[in-house]
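Whatever order the structure lists them in is the order used to number ligands and atoms, beginning at 1.
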Amino acid sequence: MGLADRRRNMYFGVCYYPEHWPEERWETDAWMMREAGINIVRIGEFAWSRMERYEGSFDFSWLDRIIGILAKEGIQVILGTPTATPPKWLMDQHPDLYMRDMYGDVRGYGNRRHYCYNNEAYLPYISTIVGKMAERYGNDPRVVAWQIDNEFGCNDTTRCYCDQCRTQFQLWLKDKYQDIDHLNACWGTVFWSQIYNEWEQIIVPAYTVFPLHNPGLVLDYRRFASDAVCKFQKFQTDLIRKYAPHSTITHNMMGAFNEIDAFDLSAELDIVSWDNYPNLMFTKEVDPALAAMQHDMTRGLKGQNFWVMEHQSGQPGGNIMFPTPKPQELRRWTYQSIAHGADGILYFRWRGCLFGAEQYWHGILAHDGKAGRKYREVQQVGTELARIWPLLEGTKNEDQVAMIRSYDNEWVFEIQPHIMDYTYMGHFTNYYHYLFEQQLGTDVISPDADFSKYRMLIMPNFIMTNEEIVAKVYKFVHDGGTLVLDYRAGAKDWHNRMEALTLPGKFAELLGITVEEYGVLGKEEYRAIRMDGSETIYRGGTWFDVIEMRGAEAVATFTDDYFAGCPAVTSHVYGLGKAYYIGTEMDKELREEVLHLICRDAGLVQTLDVEVPEGVEIVTRKQGDQAYMFVINHRIEAAQVQLHSRFFDLLSEQELHEETKLEGNGVMILSQNK
Ligand code: GLA
C-alpha cells in the first residue's frame, strides 16, 4: 500500500515544475520526495506552452511520464490548469486579451496573469486545453485534485478597464438593477450631474480629473470584478466536471488579500487552499498571529478544513530577497498550519530554479539539487506526519468566537478610508491579535454564515448593512449571543450611500445608544479614556463618536475634549444577550481591558490544562471527546510550559506532566491518551 492510500485525505507535498528540469533528474526528485515522506505533488499550473507549443499541437507525453514516475514512488498529483500563463502565440492572436490599467494603458507580456477575465475570446482556448487535460487525467486515480489557474487576483489583476470589461459591467448592472433609474437612485447620480439615460453610457471607474468617483459605482465595480473571476473559475470547474464529475477541485487563494470575495470564489470549490508565506517581509520579528488569522480566514470560507497549497520553505525573492527560514522554523510554521485546520501541506517549491523571474525564490533544495538542512527538516516533518496524520484525520477546530469578514465593507474602506492610511484589515487584525494572545480559537466567517453556533461575534467596521444582516444580528443577540460592533456601524446602506438615520442607524435599538456627532483623529492624535471604576488613563485614536445613552451602560468614558464624560464603549442588554459598541480605535491596553471584560461576561474564560508564556500559541483540533492540543513556541528562546494534568505528546512520544521545557521553535501535540 502506497503512502497516499494510507493517508487518504491528509497530504504532505511540494510544488514541482518538472518542465524546468531535465527528464533524467525526475526519478531522483521523485525518490528524494518519497524519502522525505511526500505523498502529493502539484504540477502543471504554468506549463501551457509545454503542453501546446503551437496552437492545436498538443504534447501531454511528458506529463504522462512524470505522473508515472511520481506514482511509482507512491506520490499522487494535483494538476493545475495553466490559464494563468496564456502563451505568446495566443496573445499575439488576441492582443485585446491584455488587461488595461485605469489610464487605458496595456499591461503587456512578460510576467503572468496577463489576461482580462472578461474577454470571451479567451474561452475557446481554455475549453480546448483544460478540456483535453480533463479528458486525459480526469478519471486517473493518480490525479487526486485539480487547481484552477493560480492565485486569482495576485499582482493587482482583478480590475481591468478595457472595453470588454466596460460592456460586461454594463450588462452586470442591467441584470442587477433592471431599470436605469433604479441605478441612478441607488448610486445618487444626480450628484455632479451624472444621471445615466442608457446602460451603454455607464463608465468604469478609470482615470479622471480627480480620484473621486461615485462611491456606488466604485463599489459595484469591485463587486463586478470579483464576480467576473468567480464566473471565469466556474467556466473551468464546469469543464473539468463534464469529463470527471467526481473530481476534487480547488484554487490557491491568498488569505487576507481582498481583490476577490473569497466566500463567493469558494462556493464552486470542493476544498479551499491558500498560499502561506509567513516571512515575506523584513520585520524584526515575524508576527505569528498573521499566519494564524489567514488560516482561520481560509477555514471559514467553507467552514471546512483546507490545504496550504504553497507553504513557504525557503527565502522568497523576486529582484530582492527576503529572510531565510531559520532551523526548525519551517517545521513550526507547518504545525501552526495544521493546528489551524490544514489537512494538506505542499511546500513551495521543491528546488530553486536556475532561470526565470523567480530564480531567487528558494525552496527545499537549493539550486544544486542536493539534500541540505531544509530537506532534512522536511524529512523530519514527513516522518512525524506519517504517524500523526491518521490521528488528526476528521479533527476540527471548534470555536466559540467568530469574527465577521465582510468584503463589501472592506472595499468601502478601501474606496474611502476616512483617514489617511486607515485600513479595515488593520483594524480587523487588532481584534484578532487580542483573541490570538488569549488563545481563543476564532472562526472568520461571512456575514451570510450561520451565527447561531457562536457565543460571541465581532463585526469590525460594519459601515454598510442590509435588512437580512440586521435581522440576523438582532436575533443572535436576542437569543443570548454577545456582539461587538464599533465605529461607523450602520452608517451606510448596501449601495454605499449614507443612511438618513441617526447613527448607529439600524443597530441603534440593539445597542441602546445614538451617536450624535463624530470625527476623525489625525495620525498620532489621541483622546483620553478611562474604564469605569479605574483610574488608569487609556487612549483612543483614529475616530471618536459622541454617544448618547438610550438604555445602554458606559463601559469606558472619554475624559478630554468637548465630549469628556461621554462614553467611548457601551454595553446593552438585549433579549438574552448583550451588544457592545466601541466608538474609537482603542489602544492595545484599553483593547485588552475592554475585551477581557466582554469575554468574561460572555463566559469565554479559558480553562486550559496548560499554561504557557507569551509567544507560545495553543490551538486545539477535536473530534468528539478526542482533543489534540498544539503548543507552538514562536520564540527563539525555550519556554517553560506548565501542565496541570498528564498528557502524551505525539511528537516526542513521551508522557508529560508538571513543568516541561519547550525549545525555541518547538512544538508539542498533546493528547489526554496515548
Ligand atoms: C505565489 C505563486 C507562485 C509563486 C510564489 C512565489 O504564491 O502562486 O507561483 O510565484 O508566489 O513567488
Side-chain angles (χ1 to χ4, degrees), residues 13-21 40-51 77-87 110-115 145-158 229 232-233 236 249-260 262 265 269 271-282 286 290-291 294-295 297-298 306-325 330 333-334 337 342 344-367 374:
V14 285
C15 303
Y16 183 49
Y17 299 92
E19 68 274 21
H20 296 173
W21 304 102
I40 193 96
V41 162
R42 181 192 67 178
I43 54 174
E45 81 277 13
F46 300 122
W48 193 333
S49 62
R50 281 297 308 272
M51 298 182 215
V77 162
I78 298 173
L79 200 51
T81 70
T83 51
T85 46
N111 195 280
R112 57 180 173 178
R113 311 217 53 76
H114 42 269
Y115 65 88
W146 293 79
Q147 174 186 298
I148 306 292
D149 203 288
N150 188 77
E151 286 191 343
F152 286 133
C154 174
N155 301 120
D156 187 19
T157 49
T158 307
V229 179
F232 181 84
Q233 177 180 258
Q236 297 198 38
I249 306 182
T250 189
H251 172 73
N252 54 335
M253 303 192 201
M254 296 190 291
F257 279 65
N258 72 12
E259 287 290 309
I260 302 153
L265 194 67
L269 301 173
I271 184 162
V272 286
S273 50
W274 85 287
D275 297 343
N276 179 24
Y277 291 92
N279 200 357
L280 254 186
M281 300 289 162
F282 266 109
V286 179
L290 296 183
Q294 296 182 86
H295 288 309
M297 285 175 167
T298 309
F306 57 91
W307 294 338
V308 177
M309 189 59 87
E310 296 177 18
H311 205 294
Q312 181 174 351
S313 64
Q315 62 269 52
N319 293 334
I320 53 166
M321 272 163 49
F322 293 99
T324 305
L330 178 57
W333 291 337
T334 305
S337 305
I345 300 284
L346 286 88
Y347 295 109
F348 186 89
R349 47 187 294 145
W350 173 240
R351 176 174 172 183
C353 195
L354 306 184
F355 42 75
E358 289 189 345
Q359 54 188 197
Y360 292 157
W361 202 287
H362 298 76
I364 298 171
L365 305 187
H367 295 94
K374 277 178 288 170

Among Trp333, Phe257, Trp361, Phe322, which one satisfies ring pair (Phe, Tyr, Trp, His ring centres under 6.0 Å) with Tyr277? Trp361
Within a distance under 4.0 Å of any heavy atom of Asp275, pick out the atoms of ligand 1 and give their elements. 7 (O), 8 (O)
What atoms of ligand 1 come within less than 4.0 Å of a heavy atom belonging to Phe46? 9 (O)
If you measure every N/O of Glu151 against every N/O of ligand 1, is any gap under 3.5 Å? yes
Any idea which of Gln312, Glu310, Arg113 brings a heavy atom closest to atom 11 (O) of ligand 1? Glu310
Could you check atom 10 (O) of ligand 1 against the protein and tell me its nearest heavy-atom contact, residue, atom and distance included? Glu358 OE2, 2.5 Å
May I ask you to identify the nearest protein heavy atom to atom 9 (O) of ligand 1, giving residue, atom name and distance to one decimal place in Å? Arg112 NH1, 2.8 Å
Ionic contact status for Glu310 with Arg42, cut-off 4.0 Å: yes
Please determine whether any non-hydrogen atom of Arg349 lies less than 4.0 Å from an atom of ligand 1. no
Starting at OG1 of Thr81, measure out to CZ of Phe46 and round the result to the nearest 0.5 Å. 10.5 Å
For Ala342 and Ile345, which heavy atoms make the closest approach, and how far apart are they? CB-CD1, 4.0 Å
For Asn150, take its heavy atoms, then give the atoms of ligand 1 lying under 4.0 Å from any of them. 2 (C), 8 (O), 9 (O)
Residues Arg112, Glu45: salt bridge by 4.0 Å N-O rule: no
Apply side-chain hydrogen bond (donor to acceptor under 3.5 Å, both in side chains) to residues Gln147 and Asn252 and explain how you reach the verdict. CA-CA 7 Å; Gln147 174 186 298; Asn252 54 335; 3.2 Å; yes
Closest non-hydrogen protein atom to atom 5 (C) of ligand 1, residue and atom name please, with distance? Tyr277 OH, 3.4 Å
Does ligand 1 have a heavy atom under 4.0 Å from the side chain of Met254, from its backbone, from both, or from neither? neither
Residue pair Tyr347, Arg349: steps toward the side-chain hydrogen bond (donor to acceptor under 3.5 Å, both in side chains) verdict: CA-CA 6 Å; Tyr347 295 109; Arg349 47 187 294 145; over 6 Å; no
Near Phe348, which atoms of ligand 1 are under 4.0 Å from a heavy atom of that residue? 3 (C), 4 (C), 5 (C), 6 (C)
Sequence neighbours excluded, which residues qualify as side-chain hydrogen bond (donor to acceptor under 3.5 Å, both in side chains) partners of Ser49? none
